[in-house]
Number of protein chains: 2
Amino acid sequence: MLSQRRKDMASQTEENYLKALYSLSVGKIEVNISELSAALNVSNPTVNSMVKNLKTKGLVKYEKYKPLSLTEKGRKAAALIVRKHRLTEMFLVEKMGFGWEEVHEIAEQLEHVSSSKLFDRMDELMDFPLVDPHGSPIPDRNGNISESAYEPLSKFSVGRKVKLAALGHSSTEFLKFLNSRELSLGTEIEIKSIEPYDGSMVLSYQNRASETFTQAVCESLLVERVG
Amino acid sequence: MLSQRRKDMASQTEENYLKALYSLSVGKIEVNISELSAALNVSNPTVNSMVKNLKTKGLVKYEKYKPLSLTEKGRKAAALIVRKHRLTEMFLVEKMGFGWEEVHEIAEQLEHVSSSKLFDRMDELMDFPLVDPHGSPIPDRNGNISESAYEPLSKFSVGRKVKLAALGHSSTEFLKFLNSRELSLGTEIEIKSIEPYDGSMVLSYQNRASETFTQAVCESLLVERVG
DNA sequence: AAAATTTGTTAGAAGACTCTAACATATTAG
DNA sequence: CTAATATGTTAGAGTCTTCTAACAAATTTT
């Protein structure tokens with residue numbers, strides 16, 4: 001028997017649009033068609049027609065030539081997909097021994113599994129983690145999320161001691177780069193100096209007395225103050 | 001970024017056709033178009049065109065108006081999907097606390113995840129199980145499977161002591177029925193009597209001194225001799 | 001063997017998701 | 001403010017998977 005989705009459910013494709021829209025909406029309300037096509041690697045007309053479709057399903061707000069945004073229903077649907085994604089990532093790392101740089105691709109596929117029981121069970125087995133392996137918060141069963149108040153390392157000054165709490169993005173390349181510098185979540189860091197010319201920072205942490213990171217990298221290292 | 005399958009890989013739909021064909025091929029070589037449409041709950045013309053497609057991909061052998069069969073390539077591809085399915089079922093039961101009647105639906109979706117690393121990791125964490133929660137053998141990484149030599153309980157005579165080793169099929173209803181009779185894999189069973197009229201059997205096992213099962217049920221209980 | 005039934009095939013169409021080409025509107029630069 | 005650029009829309013088409021209706025071949029029944 002070919003297992004087919006219940007027709008009141010979003011297709012995998014629709015779920016991917018919602019999720020992308022949700023990510024792009026962080027920190028702002030409205031999103032361009034073009035931003036969405038870039039994020040999904042799909043043409044503008046394709047997004048245009050999908051957006052019309054999602055509008056008829058009450059998942060997005062949209063008027064011709066205007067930017068779009070998620071409705072409350074769409075926001076919740078997206079948050080629940082993100083929940084599945086992040087619980088999966090955490091489960092793969094915590095319970096199955098994967099590295100934080102390996103889990104995104106797998107979670108991209110697993111997040112579309114419909115059984116919420118599977119994900120609630122992961123949640124339970126991990127004792128209800130608050131964040132995923134990259135420090136991003138995990139939405140609860142109702143799609144509510146606690147926005148983290150972490151700040152980019154680049155905002156701090158010399159002498160400041162901080163703890164790495166989350167990442168601004170988690171591309172495989174970035175994660176491998178952090179692995180190569182032995183930098184992981186929870187690591188305490190001290191800012192030794194800042195190069196005024198390009199904003200790069202010299203940091204000290206654990207076994208590493210003096211590691212230099214570009215400003216771009218430091219903007220993606222989200223930290224909290226220590227001491 | 002919309003995650004798309006590599007184009008040399010079978011689509012989820014194609015995978016479902018291969019898997020169905022594989023299941024229907026157990027104990028015989030050739031399969032009818034109609035059997036396949038019934039198994040997949042899809043019309044004959046749909047199967048017909050998909051079979052042509054799978055033929056061009058070298059996965060099935062087929063001539064107009066003749067029955068079909070898997071090529072070696074198709075057989076292996078199918079076995080690897082079955083591997084993913086059965087490892088997932090076992091993992092859900094062994095490592096995540098699901099009941100054997102809950103795991104089929106979830107595994108139907110998970111089996112299409114492309115990462116073989118995920119499934120090899122499950123395999124490792126379970127210490128390489130040979131069978132799934134319903135006693136069906138798990139194909140190895142090369143798609144090879146050890147055909148089980150278990151026989152249906154219905155073939156044995158009064159007085160015989162056997163051990164429940166596997167199930168002929170594992171529909172949710174059947175599994176719930178077995179749960180209600182406290183019958184699980186590994187249980188030792190003695191045949192107390194057989195009703196000549198309808199072939200139903202009275203069995204004794206564990207706490208149950210005398211439970212009656214229809215012939216149909218006994219044909220789906222695969223056992224090995226004990227003592 | 002002819003008739004009835006079952007099984008398989010072809011043709012044509014529809015829905016979901018995608019594209020390119022061409023056109024329309026909005027925004028930015030001069 | 002007009003021109004240039006960026007962004008958004010429409011039209012038309014293609015692939016994948018599915019369907020129904022109509023027909024063809026094979027099998028079974030009588």
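Just the heavy atoms: all of them, side chains too, but no hydrogens, waters or symmetry mates, feed the values below. Order of the sequence lines fixes the chain letters, A, B, ..., with proteins taken first and strands second; residue numbering starts at 1 for each chain.
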- May I ask you to list the residues of residues 27-40 of chain B, by number, that have any heavy atom positioned under 4.0 Å from an atom of DNA chain D? none
- Touch check for A:Lys52, heavy atoms < 4.0 angstrom, all strands: base, sugar-phosphate only, or nothing? sugar-phosphate
- Without hydrogens or angle criteria, can the side chains of B:Asn179 and B:Trp100 be said to hold a donor-acceptor pair below 3.5 Å? yes
- Task: Starting from P on D:dC23, measure out to NZ on B:Lys64 and report it in whole angstrom.
- Result: 16 Å
- Item | Close aromatic pair by centroid cut-off 6.0 Å: A:His104 and A:His85 | yes
- Task: Could you state the atom-to-atom distance from OH of B:Tyr62 to P of C:dG8 in whole Å?
- Result: 9 Å
- Query: What closest approach, in Å, do B:Glu219 and B:Ser154 show between heavy atoms, and which atom pair accounts for it?
  - Reply: CG-OG, 3.1 Å
- Contacts of type side-chain contact (heavy atoms from CB on, under 4.5 Å), residue A:Met9, not counting sequence neighbours: A:Arg5, A:Arg6, A:Ser114
- Message: Taking B:Arg83 first and then B:Asp120, would you say they form a salt bridge - that is, a charged N and a carboxylate O separated by under 4.0 Å?
- Response: yes
- Please determine, by modelled atom types, if A:Ser43 and A:Thr46 share a side-chain donor-acceptor pair under 3.5 angstrom. yes
- Can you see which heavy atom on B:Leu40 is nearest to which on B:Ala20, and at what distance? CD2-CB, 3.8 Å
- Note on the structure: Contact string for nucleotides 15-25 of chain C, one letter per nucleotide 5' to 3', B = base within protein heavy-atom range under 4.0 Å, S = sugar-phosphate only, - = neither, reads --SBBBB---S
- Item | Rounded distance (Å) that lies between atom P of C:dA11 and atom CG of B:Asn48 | 11 Å
- Separation of A:Lys66 atom NZ from D:dG8 atom P, in whole Å? 13 Å
- Query: Can a donor-acceptor pair be found between the side chains of A:Ser200 and A:Asp198 at a distance below 3.5 Å?
  - Reply: yes
